[in-house]
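Encoded as structure tokens, the structure appears first; notes follow it.
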Protein chains: 2
Amino acid sequence: MRDGSKTKELIARTALQLFVDKGVTATTIRDIAGVAGIAEGTLYRHYESKDQLAWELFSTNYLAFAEELDCLQEGYDNLKDKLTAMIRQFCTFFDRDPVLFSYLLLAQHGQLKKVTPEMETAVTVLQKVIAQGMARGEVPEMEVELAAAMVLGVVLEVAVFKAYSRITQDLAPLSEKLAAACWCVLAGNGTH
Amino acid sequence: MRDGSKTKELIARTALQLFVDKGVTATTIRDIAGVAGIAEGTLYRHYESKDQLAWELFSTNYLAFAEELDCLQEGYDNLKDKLTAMIRQFCTFFDRDPVLFSYLLLAQHGQLKKVTPEMETAVTVLQKVIAQGMARGEVPEMEVELAAAMVLGVVLEVAVFKAYSRITQDLAPLSEKLAAACWCVLAGNGTH
DNA sequence: TTAATAAATGAGTGAACACTCACATTAGGA
DNA sequence: TCCTAATGTGAGTGTTCACTCATTTATTAA
């Protein structure tokens, strides 16, 4: 009984890189096999199809990250601390694996239709946390979706800039600034 | 001499919608021709190739919008007003043609590599305006790229939420709130 | 009405694609 | 050492793709 788990991991990392570079549809099985240095048939020992590979890479990591954010968030008792911790976590993870997080950011459009509403994602966690904070009067009431979109935008667009090398420094050192900006967006013009 | 400009416009609108729905690579010439109710060959009377079609739709509108933003911006003499006007413009245009702006938002990743550095885009205009504002002391100094990313994020992510129907209302009525949030991000914790 | 010209057509073409399968190779337990 | 079962292989297969071109259709200027 041979161990193919190393090969599966190699395929995953190679595909991730190519998916980010060229997009999922434009990446061929030949591309992946060629770069990974394996035969085309080998890929099918580990993944049913290209779509299934793209979906597994997306869903596994997308949902796992949401889960981690949710656990982390529970360790704090107010919106400001929850938000700061979540942003720090995102930045740290992005720096640790930029290719993976670039994939999650950029492949979203193609894969997001397959995400069913009952799945807990980073977006739903963020909305929940913001809604709690509003209910507790920590920040002024406003449309939760709008608030979540603005906060998410501050963090994600900076990550997108980093993915495009428009920003060159690591994200983690920026996390305090990002958290401050997000807090400002939620708290309004200078109150709090 | 027949007039094919109507057909070209029909192809453009049909392709735009399909590109947003399925992505450029996953959209076939058959798809476009089928939905538009024309023959496959007809498309090639108006566009060299699928890539050229995708690029023309992207670059024309992407650069035209940047140009409009830049003209608009010149009509104001301080960062806050410039920013507010630009955001109002974006929201108005998005509401007027959501499919086009969704394409610009979501197709970015594929087309952005073809955008050469000397082209003036919405991002460069925004960076220029923010840099001016900092130089004039209207907002505290910080990394221009970071500031631009955060401001852009607030606006674009709200548009993305709208494109995904996570937000259902029009963007234009939100433009004052967005401008306030962006100003807050730039001006810092409650100062100004 | 007609001639001239551009637009529109859709079957056809070669290339590239995702995926298969009969076979070769390897690792590890007996 | 040898057997076994999983892993790895790559030429082969049917399909789908972007794109072409000889032909037809529609428009307009004369």
Side-chain angles (χ1 to χ4, degrees), chain A residues 1-60 103 106-114, chain B residues 1-60 103 106-114:
Chain A
M1 305 117 198
R2 296 158 72 182
D3 175 24
S5 62
K6 286 282 164 54
T7 305
K8 182 166 186 174
E9 190 56 27
L10 173 64
I11 292 169
R13 297 306 308 183
T14 307
L16 220 40
Q17 181 73 61
L18 286 167
F19 286 168
V20 169
D21 289 345
K22 312 175 54 171
V24 173
T25 320
T27 300
T28 67
I29 302 290
R30 262 187 162 74
D31 288 335
I32 301 170
V35 174
I38 58 162
E40 286 184 55
T42 304
L43 194 144
Y44 291 93
R45 292 251 172 238
H46 301 283
Y47 299 95
E48 282 174 25
S49 66
K50 195 177 75 165
D51 280 349
Q52 192 260 328
L53 166 59
W55 170 245
E56 183 169 321
L57 289 176
F58 183 79
S59 62
T60 305
Y103 178 64
L106 305 170
Q108 268 190 85
H109 187 49
Q111 306 291 329
L112 225 47
K113 297 162 201 162
K114 300 181 190 163
Chain B
M1 303 123 196
R2 296 161 71 182
D3 176 24
S5 63
K6 287 282 166 53
T7 306
K8 181 166 188 176
E9 191 55 28
L10 173 65
I11 292 170
R13 296 307 308 183
T14 307
L16 221 40
Q17 181 72 62
L18 285 167
F19 287 168
V20 169
D21 289 345
K22 311 174 55 172
V24 173
T25 320
T27 300
T28 68
I29 302 290
R30 260 187 165 74
D31 289 334
I32 301 170
V35 174
I38 57 162
E40 284 184 57
T42 304
L43 194 144
Y44 291 93
R45 292 234 164 250
H46 301 282
Y47 300 95
E48 282 174 26
S49 66
K50 194 176 76 165
D51 280 350
Q52 192 260 326
L53 166 59
W55 169 245
E56 184 170 320
L57 289 176
F58 183 79
S59 62
T60 304
Y103 178 63
L106 305 170
Q108 269 191 84
H109 186 49
Q111 306 293 327
L112 225 47
K113 296 162 202 162
K114 300 180 189 165

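Everything numeric here is computed off the predicted structure, so don't read it as measured data. Lettering of chains follows the sequences in order, A, B, ..., and the numbering in each one begins at 1.
Taking for each of A/Val24 and B/Arg30 the nucleotide of DNA chain C with the nearest heavy atom, the 5'-most of the two is the partner of B/Arg30. When each of B/Glu40 and A/Glu40 is assigned the nucleotide of DNA chain C bearing its nearest heavy atom, the one mapping closer to the 5' terminus is B/Glu40. In terms of position on DNA chain D, the residue among B/Ala26 and A/Leu43 whose nearest nucleotide sits closer to the 5' end is A/Leu43. Both B/Asp3 and B/Gly41 lie close to DNA chain D; mapped to their nearest nucleotides by heavy-atom distance, the more 5′-ward contact belongs to B/Gly41.
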Report task. Begin from the C-alpha positions of A/Asp3 and A/Ser5 and carry the test side-chain hydrogen bond (donor to acceptor under 3.5 Å, both in side chains) through to its verdict. Result -> CA-CA 6 Å; A/Asp3 175 24; A/Ser5 62; 2.9 Å; yes

**Report entry** Worked verdict on B/Tyr103 versus B/Gln111 for side chain to side chain contact (heavy atoms under 4.5 Å, CB included)
**Finding:** CA-CA 11 Å; B/Tyr103 178 63; B/Gln111 306 293 327; 4.2 Å; yes

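In this structure, CG of B/Leu18 is placed 13 Å from P of D/dC17, rounded to the nearest angstrom. The nearest whole Å value for the distance from the CD1 atom in B/Ile11 to the C1' atom in C/dT9 is 13 Å. B/Tyr44 places its OH atom 6 Å from the P atom of D/dA18, with the value rounded to the nearest Å. The separation between B/Arg45 atom CZ and D/dT23 atom C1' is 11 Å, rounded to whole Å. Distance B/Lys50 NZ to C/dA16 P: 15 Å, rounded to the nearest Å. Nucleotide D/dA11 holds its C1' atom 17 Å from the CD1 atom of A/Ile29, rounded to whole Å. Protein atom CD of A/Gln52 is 14 Å distant from nucleotide atom C1' of C/dC19, rounded to whole Å. Look at OH on A/Tyr47: it is 12 Å from P on D/dG8, rounded to the nearest Å.
When the side-chain nitrogen and oxygen atoms of A/Thr7 are compared with OP1 and OP2 of D/dT7, none of them lie within a distance under 4.0 Å. When the side-chain nitrogen and oxygen atoms of B/Thr42 are compared with OP1 and OP2 of C/dT9, one or more of them lie within a distance under 4.0 Å. Taking side-chain N and O atoms only, A/His46 has no distance below 4.0 Å to OP1 or OP2 of D/dT7.
Taking both residues in full, the closest heavy atoms of A/Thr27 and A/Lys22 are given as OG1-CB, 3.8 Å, listed atom of the first, atom of the second, then distance. Across every non-hydrogen atom of B/Thr25 and B/Lys50, the tightest pair is O-NZ, 3.3 Å.
Across all strands, A/Ile38 comes closer than 4.0 Å only to sugar-phosphate atoms, never to a base (heavy-atom distances). Note on B/Thr27: only backbone sugar-phosphate atoms sit closer than 4.0 angstrom, heavy atoms only; bases stay farther off.
Counting heavy-atom neighbours within 6.0 Å of B/Lys6 NZ, excluding the residue itself, gives a total of 12 or less.
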